[in-house]
Amino acid sequence: MRYSGFSIIKQALTGHKSWPKAWRTPDPKPAYDYIIVGGGGHGLSTAYYLASVYGAKNIAVLEKGWLGSGNIGRNTTIIRSNYLLDGNVPFYEMSLKLWEGLEQDFNYNAMVSQRGIINLYHSDSQRDAYARRGNAMIMNGADAEMLDQDALRKLYPDLNYDNARFPIMGGLAQWRGGSVRHDAVAWGYARGADRLGVDIIQNCEVTDFIMEKGACTGVVTNKGKIMGKKIGVAVAGSTTKVMSKTGMRLPIESHVLQAFVSEGLKPIIPGVITYGMGHFYISQSDKGGLVFGGDIDGYNSYAQRGNLPVVEHVCEGGIAMMPYIGKAKMLRMWGGIMDMSMDGSPIIDKTGIDNLYLNTGWCYGGFKATPASGYCFAHLLANDEPHENAAALRLDRFSTGAVIDERGAGAQPNLH
Amino acid sequence: MIINHPLLGPRDASEFYYIGDAAMIMRPDAKPDDHSAETMAAFDSYQHHRDNPHGFHRELWYHEQGDRSWLIVTRNTTTHEITKVELARDVKLKGGL
Amino acid sequence: MAKTFRLKGGQINRKTPLNFSFNGKGFSGFEGDTLASALLANGVHLVGRSFKYHRPRGILSAGIEEPNALMTIGTGADADPNTRATVTELYEGLTAKSQNHIGPLGFDLMAINDRLSNFLTAGFYYKTFMWPAAFWEKVYEPIIRYAAGLGALSGEDDPSRYDKGYLHCDVLVIGGGATGLMAALTAGRAGLKVVLADEDFRLGGRLNAENDVIAGQKGADWAREISAELAAMPNVRVMTRTTIYGAYDHGIYGALERVGEHKSDQSGTRQILWRVYSKRAILAAGSIERPIAFQDNDRPGIMLAGAVRQYANRFAVAAGDNVSIFTNNNDGWRTAHDLSAHGVHIAAIIDTRHHPLDGEGLSAPKDCRVITGAGIAGTKGRLRVNSLTTTTGETIKTDAIAVSGGWSPTVHLTCHQRGRPRWRDDIAAFVPSGDLPMGMVVAGAANGEVSLSECLSSGHDAAAALARDLGKSVKKTPLPKVEDEPSFGIEACWHIPPKNGRAWVDFQNDVTTKDIILAEKEGFTAVEHLKRYTTLGMATDQGKTANIPGLAVMAEITGKTIPEVGTTIFRPPYSPVPIAAFVGRATGKNYMPTRLTPSHQWAKDRGAVFIEVGPWYRAQWYPEPGETHWLESVNREVIATRSAVGICDVSTLGKIDIKGKDAGEFINRIYANGFAKLPVGKTRYGLMLREDGFVMDDGTTARLAEHHYVMTTTTANAVGVYRHLDFCRQALWPELDVAIISTTDQFAQFAVAGPHSRKLISRIVDDGFDLSNEAFPFMAAAELTVCGGVPARLFRISFSGELAYELAVPAGYGNSLAETLMAAGEDLGVTPYGLEALNVMRIEKGHPTAAELTGQISAHHLGMERMLSKTKDFIGATLARRAELTRADGYRLVGLKTIDPEAMLTAGAHFLDRGAATRRENDLGWMTSVAYSPMVGSSIGLGFVKDGHNRFGDVIRATDFVRGTDIEVEIVHPHFVDPEGKRLHD
């Protein structure tokens, strides 16, 4: 059934009795052309684009839990393409463009809301760094605008302009940035993929790869062996665990990132805004909750929870920027596991094992990348060569030095 | 978290700075102006590849807001339980990991 | 006078009446009331509107689980939205306002949504509002956002004060009810250091709400007695109004103590955020009653039975004149019994069980209709329930319904480290599993104990066991005896399917059983899908009353057991914590510590304009009278320095003393260029790489003695370089005999630069120190004394490109050294210069700083590839050879000079060839630093240009799209002034 205003009215008048399942719950077939390991945002979008753009048939998505149970279900929902470096900007700009047409494409309202993102600057050197970034964005076809304090005051009149430890001088705006209802992205891709015939198999955990003559020919799961001609792994947070079956050592460490949401409040923060002297980003959801976050906890962890020092640190950044959120009450804090790469940028590449492909290293920027990640991973799976916008996201870039290190922090994952 | 510093006793983890895998103490050897592929591969792996285990992980913590010891902490990455804390210096002097 | 619902007795202080207002209307209550109990005493049930349908809502509970009675307390900047009236302690002058309605509370214009509820089912918005695409931000979303949220922030800076603290204890007892009191008493008597925390302002928990008899006295009195004993123990800290909101690693708990918000005078500290470090913790958090869903079960006047009992017994308030009971367990009967004892008429008891109270002591009050094996089929009453209809078809007039669906143990904290609770059929509830946070045990109702005597014994036993575990002996003491305990006798019943209406599960988020059925129909059966699709349990109460009934309904329609459906993960905080509480006093200027250099006062006295540089404040320039623009000041400072002598405070540079027999070897391994042959008394520029071959930092290192070196780092990297050195020293090469110490704070350091600098320095060095070019040439270093015996370090190094020195003295002499230099150089035209002039001069000389050393830059990019030693291994040696770092056509640091002398360059501009289109492929690089050079007479810059060293003389464009400039520049060598470096050696 196609979703529309009409379908809702019709169902409302008939007691909502004939809504179909959003997706099927098929049993796995013995073999597929494509197996996508991981039913999170990236895995589902990969399957969706494989089917819708690359015309692939006979696709399975294997998810160990419930679909969308990974980081697509626990993030701060921000979309943007305000990156600096050549390897990143075209990719994230592609993603932003895909977001812009996504809902009509997969017939699901994921509430893509381009209310704008502003990165504040607090010194001349930071302003210049943002100018460099804004110019890089424009050269890549993205939008960017420098705001001085006067322009910023019009949008955010109550920031701490007058008593700040670090003055708020202005910001770099990307008006096409914003937020998206994160769960709906997983559901929209899942429903879209399902309608194109993709088998989404939940509660199906991959426990091993089947190897024949150095090539990967299938996977072993708790629902039995499933053979595949091509196998793509997109299991953020579990990448090392899954890929360790192949013996690969990867340029990633797993870290916990906490995120926070306040109780519902009447709208007070129009867009996404980030503080520049301490890591803090915030937006307000359509339900009224302030959704915010900051740094990762900074130590290797597979526990989806963090600790208090970072909570306090994040809140300090928030109050430094907007002292009027003091009485907003934090309702929930949670942690997600990030595959932090050695340069802070992702990997979409072949693995060196025939038929096995890898999508990982999203650090804590994976949500906004969901459409382009799936699109480019689908391209790689279908064509055996990288999509032009993901050509730099290679696994071997550490040995060549062609790293994409936005922060200039080097091979220390907790700094990215 | 609380790290039981071998010299100072229990200390809050927020006093420490973390860099990750204790394998970082095992820097490969290189000759001067060493252009060999083996050396490059050894450093590439040393610098970029991680075991990143589920479970016990030996890792480097620096008591920056304390006595400035580099420690090797053995900690479970799924439960955060810490089972051993050593001075990095001692581990390295005894031949490393 | 309006009718009062105040009863006799209770734990309120009738001698202290308190006035308060609700929605502008004045009321009064008593000390010991909550806002909710005081409102109920005045007959006010209607207190809010639901989130989605704007249904009229009343007080449901008497605790933190309250979904309906959310209010804004206070006005103006003090306004505190979304505050639960059920836990808000009444104080004189309290002002409360209801939330989330347009127009008066009794006639909310947004209630139109309720009429549209058939269209606004779970997830309806995912299915529509997609066309046309541009309408989302412009039309649909603004409407949705207009309706968003409950309370409102004032928009003003939060004026309240918050503090933070740390507590250490052997045992943290969480919850001060019967179990917690018994546990704290046992632990306290055993001599353990105990913290007992309870969110209520009165210890006792349910003892205050019930009529239990313990050790021959009323439970509440027993609690008072034990509280007093605990308060008198020096090893016990009793914390009321304190919520343990989270369980973190290694026995650390987060606590929020509300110390001021219950006072009329709100000027003191409002809340204290504690971090509690415990060896062990006993969770004695009790349990939370849950409702049963039935048609129109959300009307004001429909409450939890335990809450109705609590209002009667503790607050002496009747929920109504004619109360009905709806229950699936014996607790409902207890409510009937207690209310009846207070003289409140019980209209009916409707029990879902067919044979309740077999062999039990409780009985129905007089004149009370008892209907068993039945449920409620519907209710009436727009703003307050006025009747109910049973499933047996009877309509009963009633003004309040007390609903008891059983009790859910408060397992939240046991789940904060991802422990999953397990289901117990006999009590129809989840109880903690064995997978608890380290050091935690659970006792009492939180652990599924249903009787008071079991609670007391489990509290005692838990404390005794861990006291022994911690090496204390525990004296055997008999437990206090509990009299006449009723049994529980629950037979699970979660909802009565509505015939033609809706039955609410999650009151605040307006989730009904219909929504759950729809979610199942559409395949959202996994518990997390259910929650996310319907928003069940995601409101401010986090589903404390809603989650289990919601799961139960899903279990029923899918034919699964409740544990098969699953549990959602409880996340911290247990109850909401203000963001400001996590911040404490680190607000405004106190956001980050402030570092001032030793001569800050001197600079301030001279009128310096300061700028934040990381934690430092540094002098940016020193305006003179008559100067109207900063550039005037900076040009003057540059010219004075280049023509006479200037002094600049460079104390913020990182300074590291390195000593030991192997210090030279150590430094040689750290820097990329050779240091093995640095003689005593000399300084050398050093380039430091990270192990991945990119540039980490640069600076100078001087050898002051055979085994003593002094390293300087950039201001920005002072901490990182020290940490790196310590890592190399301890973890890589512990066999080397090296010791290091940071002396950044121990020395004040000044650059003295310009043609007259030697003359100036010579006037302050103590007798006999030879400053001649021969004796103290470029790059010389020495320890000496100045100004008559002040120990000092002198380096002949130059960042400005002039004949220059850097002079370091112990920090305490910094201020007077600045004054002395200024006085001594008056006739030489000595001029203080700030960070801006320093920057101009270093750009004129092409020296990189933080703007160039971004961590993404290699030695090749800087044009310093020849510094990479070929005669040693060093940190970064191997990976610096990677192809991308060394490619011949890669970025190179160059100078940029405007063609139009009037044009002003900007840092951050990108380079394009003339005529090249604005495309990524045409991006040649970017401008890193710019300055107006009074020596060149135009704006100059440094930047990275692809293949830049083969493009000297080319004219390209510096295009700054975001600032709207496009300026032609010539690529030049990055040495604009004295390119041969003659002045350095004069």
Side-chain angles (χ1 to χ4, degrees), chain B residues 1-4 10-14 16-19 22-48 60-65 67-72 75-76 78-82 86-94 96-97, chain C residues 166 168 247-252 275 277-279 417-419 435-439 656 668-669 674 676 689-694 719-720 722-736 738-742 868-883 886:
Chain B
M1 289 192 287
I2 297 168
I3 293 171
N4 198 3
R11 295 286 166 149
D12 192 277
S14 59
F16 292 80
Y17 180 89
Y18 178 88
I19 62 164
M24 296 304 290
I25 74 169
M26 303 307 287
R27 184 177 187 270
D29 291 325
K31 295 185 197 69
D33 205 27
D34 186 342
H35 286 254
S36 72
E38 294 74 30
T39 301
M40 179 60 84
F43 271 90
D44 180 23
S45 178
Y46 163 71
Q47 186 72 3
H48 297 125
L60 283 155
W61 293 76
Y62 180 48
H63 199 204
E64 190 152 60
Q65 292 171 60
D67 77 337
R68 295 178 175 168
S69 289
W70 277 95
L71 305 181
I72 293 180
R75 189 179 57 93
N76 188 315
T78 59
T79 64
H80 297 171
E81 182 196 6
I82 291 172
E86 305 154 277
L87 291 171
R89 161 189 295 277
D90 292 349
V91 174
K92 192 63 194 281
L93 284 173
K94 281 183 208 142
L97 299 175
Chain C
Y166 299 83
H168 296 79
Y248 296 89
D249 282 318
H250 304 167
I252 300 171
R275 245 190 252 174
Y277 293 75
S278 71
K279 290 182 185 154
Q417 296 181 19
R418 298 185 73 76
D435 189 14
L436 297 171
M438 195 185 93
I656 303 167
N668 200 38
R669 294 182 191 184
L689 306 186
R690 295 189 308 235
E691 190 67 273
D692 69 355
F694 288 95
V719 173
Y722 186 88
R723 182 191 295 144
H724 172 63
L725 261 53
D726 234 357
F727 176 77
C728 294
R729 189 179 71 90
Q730 295 179 40
L732 295 184
W733 312 309
E735 70 282 3
L736 296 184
V738 189
I740 65 172
I741 185 122
S742 167
L868 305 180
S869 172
K870 293 187 190 311
T871 59
K872 63 172 183 177
D873 182 27
F874 56 89
I875 296 287
T878 301
L879 294 177
R881 277 195 284 274
R882 289 181 292 170
T886 55

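Throughout, a chain's letter reflects where its sequence line sits, starting with A, and its residues are numbered from 1.
Interface residue C:Lys872: only backbone heavy atoms are found under 4.5 Å from chain B. Using a 4.5 Å cut-off between heavy atoms, B:Ile72 makes no contact with chain C at all. In this structure, chain B has heavy atoms under 4.5 Å from both the backbone and the side chain of C:Gln730. For C:Tyr277, the part lying under 4.5 angstrom from a heavy atom of chain B is the side chain only. When heavy atoms are compared at a cutoff of 4.5 Å, B:Tyr62 approaches chain C solely by way of its side chain, counted from C-beta outward. Looking at B:Thr79, the atoms closer than 4.5 Å to chain C (heavy atoms on both sides) all sit in the backbone: N, CA, C or O. If you measure heavy-atom distances from C:Arg275 to chain B, the contacts under 4.5 Å come from the side chain alone.
Taking the side chain to side chain contact (heavy atoms under 4.5 Å, CB included) definition, one finds that B:Pro10 meets it with B:Ile2, B:Asn4, sequence neighbours left out. Under the ring pair (Phe, Tyr, Trp, His ring centres under 6.0 Å) criterion, B:His63 pairs with B:His5, B:Phe16, not counting sequence neighbours.
Inter-residue side-chain proximity for B:Gln47 and C:Thr878 is flagged as unmet; no heavy-atom pair is nearer than 4.5 Å. Taking the side chain as every heavy atom from C-beta outward, C:Ile875 and B:Arg27 approach each other to under 4.5 Å. Looking only at side-chain heavy atoms (C-beta outward), B:Ile3 and C:His250 stay at 4.5 Å or farther from each other. Proximity of B:Ile19 to C:Phe727: side-chain heavy atoms (C-beta onward) are separated by under 4.5 Å at one or more points.
Note that the CD1 atom of B:Ile82 and the CG atom of C:Asp249 stand 8.5 Å from one another [nearest 0.5 Å]. Atom CG in B:Asp33 sits 9.0 Å away from atom OG1 in C:Thr871 (nearest 0.5 Å). The distance from atom CZ of B:Arg68 to atom CG of C:Leu725, rounded to the nearest 0.5 Å, is 11.5 Å. To the nearest 0.5 angstrom, B:His48 atom NE2 is 9.5 Å from C:Glu691 atom CD. A distance of 12.5 Å separates NE2 in B:His80 from CE in C:Met438, rounded to the nearest 0.5 Å.
Heavy-atom pairs under 4.5 Å with chain B peak, among C:Phe874, C:Tyr248, C:Tyr722, at C:Tyr722. Annotation: maximal heavy-atom pairing with chain B below 4.5 Å, among C:Ser869, C:Ala877, C:Pro734, occurs at C:Pro734.
B:Leu97 CG: more than 12 foreign heavy atoms inside a 6.0 Å radius.
The nearest pair of heavy atoms linking B:Met24 to C:Leu732 is O-CD2, 3.5 Å.
Of the N and O atoms on the side chains of B:Tyr17 and C:Arg723, at least one donor lies less than 3.5 Å from an acceptor on the other residue.
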